[in-house]
Amino acid sequence: MAAWTLLALRIVTGANTGYAPIRFTGDLTFDRHEQIIEHEFSVPKGVTRVSVELEYSGKERRTVIDLGLRSPGGIRGWSGGREAVVHVSALTATPGYVPGPIEPGRWAVLLRLGWCPPPRIR
């Protein structure tokens with residue numbers, strides 16, 4: 001099992017006044033292996049940057065949680081288990097993500113349990 005927390009899902013406005021971090025927490029278990037889990041959030045008009053930080057347990061057992069981001073216009077990027085901190089803005093983005101205007105509306109963080117040790121049989 002991997003317990004995960006999305007930390008500091010930051011939404012920055014054009015005036016650079018950030019919104020309070022949005023937090024999602026939960027558990028991903030072996031039976032959800034390779035299923036994409038979406039956590040939606042709202043982005044208001046005027047936002048210039050969306051940043052996501054992912055923390056999770058189980059790394060000592062080589063657990064990998066993949067990370068992606070979807071905007072109202074479609075997938076903005078997927079870094080798999082390579083990145084735990086990603087961002088998109090009009091001019092820059094984490095490698096694997098597409099820079100461009102930040103559309104207002106429903107966005108989603110995409111999580112997928114890429115790999116975790118199978119449950120132990122007793």
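Everything numeric here is computed off the predicted structure, so don't read it as measured data.
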(message) Donor-acceptor check, side chain of R112 to backbone of G68, threshold 3.5 angstrom: yes or no?
(response) no
(request) Give the minimum heavy-atom separation between I37 and H39, together with the two atoms involved. (result) CG2-NE2, 3.6 Å
(message) Tell me the closest heavy-atom pair linking E38 and A108, and the distance in Å.
(response) OE1-CB, 3.8 Å
(message) Restricting to non-hydrogen atoms, name the atom on P104 and the atom on P44 that form the minimum distance, rounded to 0.1 Å.
(response) CB-C, 3.9 Å
(message) Please report the interatomic distance CG(L69) to CH2(W78), rounded to the nearest 0.5 Å.
(response) 10.5 Å
(message) Restricting to salt bridge (charged side-chain N to carboxylate O under 4.0 Å, His left out), what partner residues turn up for R106, sequence neighbours left out?
(response) E40
(message) Within the 4.5 Å heavy-atom criterion, are I102 and V88 side-chain neighbours or not?
(response) yes
(message) Can you list everything that forms a side chain to side chain contact (heavy atoms under 4.5 Å, CB included) with T94? Sequence neighbours excluded, please.
(response) E83, V86, H87, Y97
(message) Just to verify, what does P72 make a side chain to side chain contact (heavy atoms under 4.5 Å, CB included) with, not counting sequence neighbours?
(response) E103, W107
(request) Please tell me if the side chains of L110 and I75 come closer than 4.5 Å, counting only heavy atoms from C-beta onward. (result) yes
(request) Run the numbers on V85 and V52 for side chain to side chain contact (heavy atoms under 4.5 Å, CB included), then give the verdict. (result) CA-CA 6 Å; V85 178; V52 177; over 6 Å; no
(message) So L111 and I36, do their side chains get closer than 4.5 Å, heavy atoms only?
(response) no
